[in-house]
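Every chain is numbered from 1 and lettered A, B, ... according to where its sequence line falls, protein lines coming before strand lines.
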Amino acid sequence: MHKKVLTIAGATASGKSALAIKLAKDFKGEIISGDSIQVYRGLDIGSGKIKKEEMEGVVHHLIDIKDPKESYSVYDFQKMGRLLIDAIERRGHLPIICGGTGLYIKALIYDYDFKEEKDFNNYEDIDDVSLHAMLKEVDPISAIKIHPHNRRRVLRALNYFEKNGSPISSNKTEKALYDALILALDMERSELYAKIDQRVDNMVKDGLLSEVEGLLKSGIAFNDQAMKGIGYREFEAYFKNEQSLEEVIQKIKSDSHNFAKRQYTWLRHQLPIEWIDIKTDYELIKERVRKWLDE
RNA sequence: GGAGAGGUAGCGAAGUGGCUAAACGCGGCUGACUGUAAAUCAGCUCCCUACGGGUUCGGCAGUUCGAAUCUGCCCCUCUCCA
């Protein structure tokens, strides 16, 4: 019998957090954040991190667990997430994953297999095309699937083969490890974009600029992983005097739009999602979850 | 009223006789996806009954085998001088 894991997905600013909290309160849940930026301490405003008082007493995991200088990846999320699911289960609570990072959610729920990673060869002096040709030699299937310009993926596949002696594709299965109900909030695109813009404006009002200044003052740099997040990285141009604050804000909005679009693409094609229109009455959602729990 | 500059696809902006349905950027859309995933990468974006057809570059009329590109007139915008 698989463990039940409720998942709330959806694009940025779609309202996942609020829904997750409501459900957590109604079903004795604990929330596991599936977010790659909110793990970092000090990145509060720009990451859209939920405030303590907004949690309404619901336990949140995997928020503020990393220093901005540290790295974080699916591997970490998957490992910790699985331990958390077990622990929450044991307490008799319902694990609720809440996040917009499709890969994280999928890697947690399905049997994605990651191994401890030591060294990684970047082949810095080899160009994209040659690198792709090298991959074609050892793993033709991946070579067909991965575009030569997508250096990051080519490197990954190449490194995988070198370490494991088998193509990365042979490692792929998609068995669900949990009994997961995956809900995702849906709304019209233009409405989402408007919400995003409004949220960005609010971030600025809440002091996003001084948050970034503070981070920089404390020694965090734009090339640290944490600062690669939307709402942070855009400020680099501002501090280099290349862009005005206005331009930076505009860029944050447009980066967020693009990001939201990519999230939709992922969720639509990679996960068995039950889409919930944003206007759906909460009681109906609650009923749906109850029915699933009773199954 | 006088002197200049200019009007190009949703926006910005190239193009100054054929190779142009028109570079490029933005915006919009679509897709790929097992370790930076808020990442990385690919495609589409005048219209259509779409391996072909139709209509474009302020308007109209010309020159030319052929025009966004040359000529004339007209309309509009901007800057400067009155």
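- Using a 4.0 Å cut-off between charged nitrogen and carboxylate oxygen, A/Asp197 and A/Lys253 do not count as a salt-bridge pair.
- Rounded to whole Å, the C1' atom of B/rG31 lies 41 Å from the corresponding atom of B/rG6.
- When the nucleotides B/rA42, B/rU40, B/rA37 are ranked by their closest atom to the side chain of A/Tyr104, B/rA37 comes out on top.
- Figure legend. B/rA32 is base-paired to B/rU40; pairs are counted as Watson-Crick or G-U wobble with both atom distances under 3.5 Å.
- Toward the 5' end of RNA chain B, the nearer of the two residues A/Gly231 and A/Lys115, judged by each one's closest nucleotide, is A/Lys115.
- In this structure, CD of A/Glu188 is placed 11 Å from P of B/rC29, rounded to the nearest angstrom.
- Protein atom CD1 of A/Ile168 is 18 Å distant from nucleotide atom P of B/rA32, rounded to whole Å.
- RNA chain B is contacted by both A/Gln225 and A/Ser190; A/Ser190 maps to the nucleotide lying nearer its 5′ end (nearest heavy atom per residue).
- Nucleic acid contact for A/Tyr160: none, since no nucleic acid atom lies under 4.0 Å from a heavy atom of the residue.
- For the C1' atoms, the distance linking B/rC46 with B/rA42 amounts to 24 Å, nearest Å.
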Task: Stepwise salt bridge (Lys or Arg N to Asp or Glu O under 4.0 Å) check, A/Lys205 with A/Asp201 - done: CA-CA 6 Å; A/Lys205 276 195 207 103; A/Asp201 288 334; over 6 Å; no
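- In summary, A/Lys291 and A/Glu287 do not engage in a salt bridge, as defined by a charged side-chain N under 4.0 Å from a carboxylate O.
- Rounded to whole Å, the separation between the C1' atoms of B/rA22 and B/rG4 comes to 29 Å.
- Rounded to a whole Å, the CG atom of A/Leu135 is 20 Å from the P atom of B/rU40.
- Partner of A/Asp179 under the side chain to side chain donor-acceptor pair (under 3.5 Å) criterion, out of A/His2, A/Lys4, A/Lys3: A/Lys4 alone.
- We find that CE of A/Met80 is positioned 17 Å from P of B/rG35, with the value rounded to whole Å.
- Using bins of under 30°, 30° to 60° and over 60° for the plane-to-plane angle, the ring pair A/Tyr72/A/Tyr40 lands in the perpendicular bin.
- B/rA67 and B/rC60 have their P atoms separated by 15 Å, given to the nearest Å.
- When Watson-Crick and G-U wobble pairs are counted only if both distances are under 3.5 Å, B/rU20 pairs with no nucleotide at all.
- Residue A/Gly48 is classed as having no contact, given no heavy-atom separation below 4.0 Å to the nucleic acid.
- Summarising the base pairing, B/rG6 is matched to B/rC76 through a Watson-Crick or G-U wobble pair whose two defining distances lie under 3.5 Å.
- With respect to the salt-bridge test (charged N to carboxylate O, under 4.0 angstrom), the residues A/Lys22 and A/Asp26 do not qualify.
- For the atom pair CG (A/Leu185) and CD1 (A/Ile8), the distance works out to 7.5 Å, reported to the nearest 0.5 Å.
- Rounded to a whole angstrom, the distance from the P atom of B/rU71 to that of B/rC24 is 29 Å.
- The listed nucleotides are B/rA42, B/rU40, B/rA38; the one nearest the side chain of A/His149 is B/rA42.
- Within the shown strands, nothing qualifies as a pairing partner of B/rU56 under the Watson-Crick or G-U definition with both distances less than 3.5 Å.
- With a cut-off of 3.5 Å on both pairing distances, B/rA50 has no Watson-Crick or G-U wobble partner at all.
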Do any N or O atoms of the protein come closer than 3.5 Å to N or O atoms of nucleotides 24-28 of chain B, and which pairs are they?
| residue | atom | partner | partner atom | Å |
| --- | --- | --- | --- | --- |
| B/rG27 | OP1 | A/Ser254 | OG | 2.7 |

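- Of the listed nucleotides (B/rU30, B/rC41, B/rA37), B/rA37 has the atom at the smallest distance from the side chain of A/Thr101.
- Distance check on atom C1': B/rC41 versus B/rU49 gives 35 Å, rounded to whole Å.
- Checking A/Leu103, A/Leu62, A/Ile105 one by one against A/Phe77, the side-chain contact (heavy atoms from CB on, under 4.5 Å) holds for a single residue, A/Leu62.
- Look at CG on A/Asn164: it is 13 Å from C1' on B/rG35, rounded to the nearest Å.
- The shortest distance between the side-chain N/O atoms of A/Thr265 and the OP1/OP2 oxygens of B/rG31 is below 4.0 Å.
- To the nearest angstrom, P of B/rA38 lies 14 Å from CE of A/Met203.
- Taking the six-membered ring for Trp and thresholds of 30 and 60 degrees, A/Tyr112 and A/Phe114 have ring planes more than 60 degrees apart, a perpendicular arrangement.
- Checked against B/rC33, B/rG35, B/rC41, the side chain of A/Lys145 finds its nearest nucleotide in B/rC33.
- Going from the C1' atom of B/rU8 to that of B/rA82 covers 34 Å, rounded to whole Å.
- The base-pairing partner of B/rG1, taking Watson-Crick or G-U wobble contacts with both distances under 3.5 Å, is B/rC81.
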- [ ] Give the intermediate values and the outcome of ring-ring contact (aromatic ring centres under 6.0 Å, His included) for residues A/Phe27 and A/Trp292.
- [x] CA-CA 12 Å; A/Phe27 296 100; A/Trp292 164 72; 8.7 Å; no
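- Between the CZ atom of A/Arg262 and the C1' atom of B/rA38 there is a distance of 7 Å, given to the nearest Å.
- The residue A/Asp76 sits apart from the nucleic acid: no heavy atom pair falls under 4.0 Å.
- Rounded to whole Å, the distance from CG on A/Asp224 to C1' on B/rU36 is 12 Å.
- The side chain of A/His269 sits closest to B/rA32 out of B/rA32, B/rA37, B/rC41.
- For A/Arg153, the side-chain atoms get nearest to B/rG35 when compared with the rest of B/rA42, B/rG31, B/rG35.
- In terms of polar N and O atoms assigned as donor or acceptor, the side chain of A/Asp35 comes within less than 3.5 Å of the base of B/rA38 in a complementary pairing.
- Using P as the reference atom, B/rU69 and B/rU63 are 15 Å apart when rounded to the nearest Å.
- B/rC11 is paired with B/rG25 under the Watson-Crick or G-U wobble criterion, all donor-acceptor distances under 3.5 Å.
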